[in-house]
Each structure stands twice: as C-alpha cells, then as structure tokens.
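Convention: sequence-line order gives letters A, B, ...; per-chain numbering from 1.
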Protein chains: 2
Amino acid sequence: MPLGNVSERRRSAPDLGVSVVILALDKHGGASAGTCDSMESQGLSKPEVGRLWLPLVRRVKQPFRDCWALPGAGLRSDISLEDAAFAALESTTKLHPHYLEQLYTFGGPHRSQGGLPMVSIVYWALVGQAEAEALHEAHNVQWFATDALPTLAFDHASIVDYALWRLRNKIEYSSIASRLVGDEFTLAQLRHVYEAVLGKALDPANFRRRLLSSGTLQATGKSQVRGRHRPAAIYRYAAGTPADEAYEGVLSAVTANRLLADRISVGDSQ
Amino acid sequence: MPLGNVSERRRSAPDLGVSVVILALDKHGGASAGTCDSMESQGLSKPEVGRLWLPLVRRVKQPFRDCWALPGAGLRSDISLEDAAFAALESTTKLHPHYLEQLYTFGGPHRSQGGLPMVSIVYWALVGQAEAEALHEAHNVQWFATDALPTLAFDHASIVDYALWRLRNKIEYSSIASRLVGDEFTLAQLRHVYEAVLGKALDPANFRRRLLSSGTLQATGKSQVRGRHRPAAIYRYAAGTPADEAYEGVLSAVTANRLLADRISVGDSQ
DNA sequence: CCAAAAGTGTTTTCTTTACACCCATGC
DNA sequence: GCATGGGTGTAAAGAAAACACTTTTGG
C-alpha cells in the first residue's frame with residue numbers, strides 16, 4: 001500500500017475494492033416448504049408485511065473503527081470482479097448467494113474521508129431464507145433491518161439506499177424476487193416478497209393470475225399445509241427463466257459471444 | 001505505473017481507467033429545427049430507419065496499436081468518476097454530452113491480454129445531432145455505424161453491445177430518447193429515434209398519443225416546414241422530467257440525501 | 001389538383017384492477 | 001359449524017394496437 005505525501009496521492013490512481021450489499025427477507029416471505037420460524041422475535045412493527053434485512057460487519061480498523069459496514073475486500077487482479085465479490089462474501093459471512101450482480105461503482109474524492117481515496121465496485125446479493133440462516137451471527141457480523149440501520153461507515157448508507165431502490169425497480173420487470181425465496185415456494189410466500197419489497201399489499205387473486213400467466217412458474221405437484229385452511233400448492237421457477245434478468249454479456253466472456261450474435265442487430269427487422 | 005514480475009502483478013490491484021461509449025443518431029433522428037443534412041452519404045442501407053453511430057479513437061500504443069477503441073483515460077483520485085469520464089471525452093473528442101451515466105465496470109484477468117490487468121469503469125453518453133457535429137473527425141477520431149464496426153481493441157466490442165442492449169431496454173421506460181435529439185424537435189424526429197433504437201417502425205398516431213399523454217412534452221408553439229406537407233409542431237421536454245431516469249443518489253452526494261429521505265421507506269405505506 | 005406527412009377519431013383487443021364467491025383445511 | 005387463507009370467476013376500467021380519415025403544406 002503505497003503512501004506518499006498528499007499531492008502525490010491525489011494524482012495517483014485511487015485504491016480499489018469490492019463491497020457487497022446482501023439482502024434477505026424475514027420469515028414472512030423467505031420460507032421454503034418446511035419449518036421457517038427463526039428471526040422473528042426482533043420486534044416486527046408491520047405484522048402483515050415482511051421486512052428486508054442485511055448483514056453488516058463491524059470494522060476493526062480506522063477509519064470508522066467499530067462502525068458497521070458492508071462486507072468487502074480489496075481487489076486483486078488475478079480473479080474476476082464477480083469472484084472477488086464472492087470471495088469477500090465468503091471470508092466475512094460464509095454466504096453463498098443465488099443471486100449476485102454488479103450494482104454500481106462508487107468513487108470520487110468525497111469518499112475518502114479519513115482514509116485513502118477509494119473506488120468501490122459494489123455487488124448486490126439476494127439470498128433465500130435457508131441461505132440466510134447459514135450466516136452465523138457473531139460479535140462482528142449481524143443482521144439489521146433495512147428500515148432500522150445503525151450509522152454506517154463511509155457512504156455505505158447511500159449504497160444501501162441505492163440497492164433498495166434498484167430492487168424495487170427491478171422487481172417490476174424481472175423475476176428477481178425468486179432469489180429471495182427458496183427454490184420451492186407457495187404463491188403466498190412469493191407474494192409476501194413482493195409486498196415487502198414494494199412496501200404495499202397486493203391482491204392475492206390478481207397476483208396469482210399475473211405470475212402464473214407469465215409462464216415462469218412451474219407447479220411441483222406438492223402442497224403445503226400451514227394453519228387451519230386449505231393447503232397451498234408449491235411452485236418453483238422454470239429452469240432458465242429467459243431474457244428478464246441481467247444482460248448475460250457482462251457475466252462471462254465465454255457465453256457472451258454466443259448470446260450476442262442472436263440478440264444484437266440494431267436497425268434490423270421491419 | 002509499477003512493474004514487477006508476473007506473480008507480483010497478479011496479487012496487486014489492477015490498473016483502473018474510465019472509458020466512454022458515445023452514441024448518436026444520423027440525420028433521420030437527430031435534427032433540431034433547421035438544416036440537418038450531414039453524415040448522410042455513408043451509404044444508408046435502411047432508408048426509413050436511422051442508424052446509431054459512435055466515435056472511436058485509434059490507439060497509438062501497444063497493445064492493440066492502430067486498432068480502434070473507446071475513448072478513455074486512466075483514473076486519478078482527485079476528481080469524481082463522472083468528471084473523469086467527462087475529461088476523457090473532452091481530451092479525445094471535445095464532446096460535451098447532455099447525457100452521461102455510468103454503464104458498467106468491466107474487469108477480470110481475461111481483459112489483460114497483452115497488457116496489464118485492467119479494470120474499466122465505463123460510462124455511456126448520448127449526444128444530439130448538433131453536439132455530434134462538434135466532433136472534428138481526424139485521422140485518429142472517427143464515427144462508425146454500430147452495425148458496421150471495425151475490429152475493436154480489448155473487449156470493447158462487447159462493451160458496445162452491452163451499451164446498445166441497455167439503450168434498447170431503457171428507452172422503454174424512461175425519456176432517455178430525448179438525449180439523442182436536440183433540445184427542440186418534432187414528434188416525427190423523436191419517433192425516428194425510437195425507431196432507430198428499437199429497430200422497427202412505430203405507428204405515428206399511437207406514438208403521438210402515447211408521448212403527449214405522458215405529460216413530459218411541452219409544445220413550443222413553433223412549427224417546422226419540411227417538404228411539401230403540413231408543418232410539424234415543435235416540442236421540447238418539460239423541465240425536470242421527474243422520476244424516470246437514473247437514481248439521483250449516485251450522481252451527487254449533496255442532492256442524494258435530500259431525495260433519499262422522501263423516497264426510501266421500505267415496509268411503509270398501506 | 002395531387003402527393004405526403006401532420007394530426008384526429010374510432011373500434012378492437014389486451015391487460016390491469018376490484019371484488020364477489022367457492023374450496024379445503026384445523027379447530 | 002366456522003374461521004382462515006387458497007383458489008376461481010367476472011365485470012369494469014384503462015392502455016395499447018390497428019386503421020380510417022381529415023388537415024395543411026409544396027409542387
């Protein structure tokens with residue numbers, strides 16, 4: 001880590017790191033068929049709508065020592081950005097998310113308060129409830145509800161806000177919600193995910209129709225009894241839900257070329 | 001620029017730069033009221049639909065010497081990422097775009113062919129036709145149609161493909177198309193932008209209704225005579241087109257806090 | 001007058017929303 | 001039985017698409 005005087009540092013390239021915003025739902029939305037009653041006693045204020053939670057790590061170094069921050073690590077040049085994000089997750093939280101996508105790259109001199117100038121390539125991860133339980137809370141790693149966050153280090157609060165904004169937007173036009181439930185789920189559970197993300201109640205009947213007619217769901221044939229009412233059918237997402245998520249081109253250079261050839265042809269047709 | 005042996009480089013942080021994908025339309029879409037007949041003789045294959053063009057710069061250094069590449073520059077730590085993108089644009093093309101937004105950050109060991117490992121924070125810019133003409137083509141700077149690109153340096157071809165994909169997506173749910181026309185435009189000109197980006201013809205009547213009812217357009221009162229037919233009314237976008245473009249939080253830390261307070265409240269309402 | 005694009009009206013179709021109602025289960 | 005959420009039906013409202021038609025210009 002090269003240290004020079006101030007004017008030297010200003011002209012040189014900033015330091016580079018990856019951080020990850022991890023999001024999960026509490027019990028109302030995240031259950032896959034089976035037992036699902038943990039994480040419930042933290043005092044839900046809105047009993048009807050689940051809340052979004054994220055794990056934070058406590059910093060052990062200055063600046064912002066003892067503050068909570070997003071998991072992250074410095075970037076090495078021998079692995080991909082995505083792998084670096086995975087590695088950062090692994091080393092701090094042991095999580096292995098279904099969904100990991102680049103969110104945004106934050107930089108600029110205003111981010112360097114107290115430390116070196118820093119550019120952070122931020123990924124975001126969505127985990128189902130089963131995965132979320134794999135995180136072992138400790139003194140330095142802890143879940144927080146997104147609507148009751150502590151003071152965060154650096155500009156991490158803005159980063160979380162941005163991730164939540166992106167989630168609310170993206171849930172409208174992609175099947176991203178599937179990443180916050182388990183592999184198999186009832187329509188009510190999936191609806192609770194949408195309700196938690198959007199912050200409002202949805203009509204169960206219309207929700208059902210919309211999702212089923214989208215063709216992305218697949219009935220498992222199984223059903224789940226929960227409480228004194230009719231059992232709910234269990235669904236899963238159809239394999240390879242097409243063309244809704246991120247652009248494949250950015251994920252891997254190998255698959256990119258294959259997909260691009262078909263898709264990209266501006267000024268064609270008609 | 002620190003050089004060591006190979007294993008030292010692998011562990012250290014990669015180099016960091018910004019690149020910019022600049023997009024503009026040819027005459028069919030980009031004209032603001034007035035004369036607009038340049039850039040037309042390059043052999044349009046689809047006379048009814050305009051094409052997207054982008055400027056490239058010729059590399060003067062290895063690797064990929066003499067190849068065409070996206071404008072870019074190394075990143076310094078004393079300016080914001082966005083300003084760095086602006087600076088890169090300014091120094092190579094003299095363009096000053098209406099629209100400049102972060103596109104994606106590309107990295108990973110596979111990008112380092114022949115050179116140092118490199119992370120590129122890529123911005124994309126959209127310019128109107130008047131601005132596009134400000135670019136002085138030279139031996140080392142030249143416009144290319146996106147459907148007839150030369151071989152590009154590094155993975156810049158994938159980056160351009162990704163930008164085009166993003167444009168096609170984003171035009172559906174934002175007023176981003178306005179950035180490819182001038183400040184004032186007829187509905188036909190705006191429609192030509194949509195047609196060029198989407199690659200298909202649109203019904204003029206329905207297009208008119210859709211755009212006008214969206215409330216984002218404002219009649220100027222002026223009209224434009226062009227050819228032997230009824231003159232077209234000239235519109236402009238209403239100032240501060242709200243809530244459609246990018247999340248303001250990532251643009252400037254100052255305005256971010258103000259906007260976030262109102263917007264972000266997951267699990268609220270209802 | 002004619003050609004061509006601007007602009008309006010109308011019908012059809014599809015999607016979304018609201019809400020009434022039936023079904024299957026535990027108690 | 002009856003309360004509860006799962007699941008279906010249906011009508012009204014709204015948005016998008018298709019297309020006939022009128023208007024205003026240059027030639």
Side-chain angles (χ1 to χ4, degrees), chain A residues 27-29 31-33 35-37 47-50 171-173 181 184-196 198 200-236 244 269-270, chain B residues 27-29 31 33 35-37 47-50 171-173 181 184-195 198 200-236 244 269-270:
Chain A
K27 70 174 170 101
H28 277 286
S32 54
T35 62
C36 69
D37 295 286
E48 289 308 320
V49 173
I171 204 173
E172 304 271 19
Y173 62 86
V181 292
E184 304 192 338
F185 46 85
T186 68
L187 281 172
Q189 287 168 341
L190 188 58
R191 179 165 49 84
H192 288 315
V193 174
Y194 277 79
E195 289 176 338
L198 298 174
K200 65 177 180 186
L202 300 174
D203 183 309
N206 295 330
F207 181 82
R208 152 181 303 276
R209 255 186 300 264
R210 190 159 58 86
L211 267 285
L212 290 183
S213 71
S214 78
T216 57
L217 294 189
Q218 203 170 47
T220 62
K222 290 181 278 188
S223 68
Q224 185 189 70
V225 183
R226 168 90 81 216
R228 53 171 182 166
H229 55 77
R230 180 173 172 177
I234 295 179
Y235 296 84
R236 75 168 69 89
D244 47 19
S269 91
Q270 279 272 5
Chain B
K27 70 178 170 95
H28 278 283
T35 62
C36 70
D37 296 286
E48 289 308 320
V49 174
I171 203 173
E172 304 271 17
Y173 63 87
V181 293
E184 305 191 336
F185 46 85
T186 67
L187 282 173
Q189 286 167 343
L190 188 58
R191 179 165 49 84
H192 288 315
V193 174
Y194 278 78
E195 290 177 336
L198 298 176
K200 66 177 181 185
L202 299 174
D203 183 309
N206 294 330
F207 182 82
R208 154 181 303 276
R209 256 186 299 264
R210 190 160 59 86
L211 267 287
L212 290 182
S213 71
S214 78
T216 57
L217 294 189
Q218 203 170 47
T220 62
K222 291 181 279 187
S223 67
Q224 185 190 69
V225 182
R226 171 88 83 212
R228 52 169 185 168
H229 56 78
R230 181 171 173 175
I234 294 180
Y235 295 85
R236 75 167 71 88
D244 47 18
S269 92
Q270 278 271 7

Practice task
Please state how far atom CG in Leu187(A) lies from atom P in dG7(D), giving the value in whole angstrom units.
Solution key: 7 Å
Exercise for the section: Check side chain to side chain donor-acceptor pair (under 3.5 Å) between Gln218(B) and all other residues, then give those that pass, not counting sequence neighbours. Expected result: Arg236(B)
Exercise for the section: Would you mind reading off the distance between His192(A) atom NE2 and dG6(D) atom C1', rounded to a whole angstrom? Expected result: 12 Å
Exercise for the section: Taking side chain to side chain donor-acceptor pair (under 3.5 Å) as the test, write out the residues that go with Ser214(B), two or more places apart. Expected result: Thr216(B)
Handout entry: From CD (Glu184(B)) to CD1 (Ile234(B)), nearest 0.5 Å
Key = 6.0 Å
Exercise for the section: Scan side-chain atoms only and decide if Glu195(B) and His192(B) contain a donor-acceptor pair under the 3.5 Å cut-off. Expected result: yes
Exercise for the section: Please name all residues satisfying side-chain contact (heavy atoms from CB on, under 4.5 Å) with Arg208(B), sequence neighbours left out, ordered by chain then number. Expected result: Leu187(B), Leu212(B), Tyr235(B)
Are any protein N/O atoms closer than 3.5 Å to N/O atoms in nucleotides 24-27 of chain D? If there are, list each pair with its distance.
residue, atom, partner, partner atom, Å
dT24(D), O2, Arg230(B), N, 2.9
dT25(D), O2, Arg228(B), O, 3.1
dT25(D), O2, His229(B), N, 3.0
dG26(D), N2, Arg228(B), NH1, 3.2

Exercise for the section: Calculate the interatomic distance between Ile234(A) atom CD1 and dG6(D) atom C1'; express it in whole Å. Expected result: 13 Å
Exercise for the section: List the atom of Leu211(B), the atom of Tyr194(B), and the distance in Å for their closest heavy-atom pair. Expected result: CD1-OH, 4.4 Å
Fill in the blank from the handout: Outermost contacting nts on DNA chain C, any atom under 4.0 Å from chain B heavy atoms, listed 5' then 3', are dA3(C) to dT10(C)
Handout entry: Residues in side-chain contact (heavy atoms from CB on, under 4.5 Å) contact with Arg209(A), at least two apart in sequence or another chain
Key = Ala205(A), Asn206(A)
Handout entry: Rounded interatomic separation in angstrom, taking CG from Leu198(B) and P from dA17(D)
Key = 11 Å
Exercise for the section: Measure the distance from CG on Asp203(A) to P on dG6(D) and round it to the nearest whole Å. Expected result: 12 Å
Show the distances under 3.5 angstrom between N or O atoms of the protein and N or O atoms of nucleotides 9-12 of chain D.
residue, atom, partner, partner atom, Å
dG9(D), N7, Arg209(A), NH1, 3.1
dG9(D), O6, Arg209(A), NH2, 2.9
dT10(D), O4, Arg209(A), NH2, 3.3

Completion exercise
Output for pair (Leu217(B) CG, Arg210(B) CZ), nearest 0.5 Å, gives 11.0 Å
Fill in the blank from the handout: Phe207(B) CZ to dA17(D) P, in whole Å, measures 12 Å
Handout entry: Set of residues satisfying side-chain contact (heavy atoms from CB on, under 4.5 Å) with respect to Pro231(B), sequence neighbours excluded
Key = Ser223(B), Val225(B)
Handout entry: Heavy-atom closest pair, residues Phe207(A) and Leu202(A)
Key = CD1-CD1, 4.0 Å
Exercise for the section: Could you check how far CG of Leu202(B) sits from C1' of dA16(D), rounded to whole Å? Expected result: 12 Å
Handout entry: Atom-pair distance (CG on Leu212(A); C1' on dG6(D)), nearest Å
Key = 12 Å
